Amino acid sequence: MALATAKDGTQIYFKDWGSGPPVVFSHGWPLTADAWDPQLKLMADNGFRAVAHDRRGGGRSGQPWEGNDLDTYAEDLASVIEALDLHDVILVGHSTGGGEVTRYIGRHGSSRVTKAVLLGAIPPLMLKTEANPEGLPIDVFDELRKGVLTDRSQFYKDLSAPFYGANREGSTVSQGTRDAFWLWSMTVGIKGAYDCIKAFSETDLTEDLKKFDIPTLIIHGDDDQIVPIVASANKSSKLVKDVTFKVYPGAPHGLSTVPEFAERFNADLLEFARG
């Protein structure tokens with residue numbers, strides 16, 4: 001297996017497909033790099049080098065007790081980029097992966113990065129606070145923690161419905177897609193999955209977004225039931241300087257896997273990468 005070694009010695013698994021300008025993908029919680037397979041193939045088929053890693057705590061990466069936080073996730077991403085000696089990278093992050101990309105740029109700048117894509121991403125802050133009244137109350141995240149601890153298998157099966165919008169009338173999401181979500185999620189150790197909830201809900205990425213100095217594409221579905229657009233993309237799009245903001249009407253959180261939205265996302269991603 002292709003592995004990069006993180007600063008604390010954790011082994012980070014990655015896929016490395018194709019050749020050309022590098023596009024590095026960061027996945028959402030509680031998934032793995034496999035969630036990006038259609039886009040990895042798309043980019044590799046079109047003259048790009050497509051790379052995606054399994055976040056620590058799940059998939060084929062190591063499952064350490066510590067380090068399940070956005071600072072460390074960003075450093076793990078850096079470890080992959082540096083192990084492959086990638087330059088002029090296009091970073092693509094979905095959900096928690098969008099937070100990972102944002103914190104990476106906040107910590108490392110854009111010396112190795114040429115563009116960024118934030119899809120259904122968590123920045124700037126998901127948690128409701130006095131300064132962020134549009135966020136979600138802590139009770140929402142406590143329920144996620146409870147689900148992971150008590151019966152995570154059933155919890156992930158249930159979570160796949162709002163994740164892909166399968167609970168909406170007229171949904172075209174297949175049972176196979178929902179089963180894949182469960183399969184990937186079950187490879188994530190309970191410790192990493194549990195700790196990541198605090199990481200993606202309570203980490204304020206406002207200052208990181210202000211450091212973006214590269215063209216950035218922000219895409220979000222206005223029917224995202226996991227990361228509501230009002231506290232995320234609507235705000236992030238005002239903090240990033242050189243931004244293109246696209247709202248997909250009716251699209252769910254996992255829109256890159258839902259047929260009627262995936263086609264549009266793939267076209268937008270490819271156009272942005274080539275532009």
Side-chain angles (χ1 to χ4, degrees), residues 25-43 52 58-59 92-99 117-122 126 134-137 139-141 143-144 146-148 150-188 193 196-197 200-201 217-234 236-237 245-271:
F25 294 82
S26 293
H27 63 78
W29 176 92
L31 306 177
T32 72
D34 292 352
W36 280 122
D37 268 13
Q39 285 73 37
L40 290 168
K41 185 177 185 304
L42 171 76
M43 301 311 287
V92 184
H94 173 239
S95 194
T96 299
V117 179
L118 302 179
L119 171 66
I122 61 171
M126 283 193 71
E134 299 85 2
L136 295 171
D139 294 354
V140 172
F141 304 109
E143 283 299 308
L144 296 181
K146 181 180 177 182
V148 168
T150 53
D151 185 355
R152 64 188 178 121
S153 179
Q154 187 60 51
F155 168 70
Y156 291 142
K157 287 188 175 184
D158 294 341
L159 183 62
S160 69
F163 194 96
Y164 294 115
N167 56 348
R168 298 305 199 210
E169 186 176 353
S171 169
T172 60
V173 178
S174 69
Q175 187 60 48
T177 294
R178 296 185 62 181
D179 290 346
F181 178 92
W182 171 85
L183 178 65
W184 298 326
S185 300
M186 288 300 291
T187 72
V188 181
C196 189
I197 296 168
F200 72 63
S201 63
L217 174 62
I218 295 178
I219 295 175
H220 216 102
D222 69 2
D223 193 31
D224 190 323
Q225 301 170 67
I226 307 299
V227 181
I229 191 172
V230 65
S232 53
N234 284 359
S236 293
S237 62
F245 181 27
K246 296 191 176 186
V247 179
Y248 288 13
H253 188 57
L255 64 85
S256 63
T257 312
V258 180
E260 63 262 44
F261 303 111
E263 184 176 356
R264 179 181 175 186
F265 172 68
N266 290 344
D268 283 342
L269 174 63
L270 196 54
E271 180 183 22

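For clarity, every value in this text was computed on a predicted model and none was experimentally measured.
- Scanning all heavy atoms of the two residues, the minimum distance from A166 to S171 falls at CA-OG, 3.4 Å.
- Taking the six-membered ring for Trp and thresholds of 30 and 60 degrees, Y156 and W29 have ring planes more than 60 degrees apart, a perpendicular arrangement.
- With contacts defined as side-chain heavy-atom distances shorter than 4.5 Å, the pair P162/I226 qualifies.
- Side chain of W36 to main chain of S26: a donor-acceptor pair is present (N/O by atom type, distance under 3.5 Å, no hydrogens or angles).
- The aromatic rings of H94 and H253 sit tilted, their planes meeting at an angle between 30° and 60°.
- The closest side-chain heavy-atom distance from F141 to L136 is below 4.5 Å.
- Exactly one of P252, P249, P228 qualifies for a side-chain contact (heavy atoms from CB on, under 4.5 Å) with D222. That residue is P249.
- Under the rule for a salt bridge (Lys or Arg N to Asp or Glu O under 4.0 Å), the partners of D223 that lie at least two apart in sequence or sit in another chain are R168.
- Considering all non-hydrogen atoms of both residues, G93 and A121 come closest at O-CB, 4.5 Å.
- Note that CG of D224 is 8.0 Å distant from CD1 of I229, once rounded to the nearest 0.5 Å.
- Considering only heavy atoms from C-beta on, V258 stays 4.5 Å or farther from T177 through its side chain.
- Interatomic distance, CG of L255 versus CZ of F265, reported as 7.0 Å (0.5 Å rounding).
- With contacts defined as side-chain heavy-atom distances shorter than 4.5 Å, the pair I122/V227 qualifies.
- The shortest side-chain heavy-atom distance between W184 and P30 does not fall under the 4.5 Å cut-off.
- Judged by distance alone, the side chains of Q225 and N167 do bring a donor and an acceptor atom under 3.5 Å apart.
- Residues S232 and M126 are not in side-chain contact: their nearest non-hydrogen atoms beyond the backbone lie 4.5 Å or more apart.
- Distance check, rounded to the nearest 0.5 Å: OG of S95 to CG of L31 gives 8.0 Å.
- The neighbour count for E263 CD, taken as heavy atoms of other residues, nucleotides or ligands under 6.0 Å away, does not exceed 12.
- Here the side chains of L269 and M43 are in contact, with some heavy-atom distance below 4.5 Å.
- In this structure, CZ in F181 is found 6.5 Å from OG in S160, a value given to the nearest 0.5 Å.
- Screening residues 174-186 for salt bridge (charged side-chain N to carboxylate O under 4.0 Å, His left out) gives no qualifying pairs among residues at least two apart or on separate chains.
- Taking every heavy atom of both residues into account, D268 and L217 meet most closely at O-CD2, 4.1 Å.
- In this structure, the side chain of S201 engages the main chain of I197 through a donor-acceptor pair within 3.5 Å.
- To the nearest 0.5 Å, atoms OG1 (T257) and OH (Y164) are separated by 4.5 Å.
- D151 CG to K157 NZ: the interatomic distance, rounded to the nearest 0.5 Å, is 9.5 Å.
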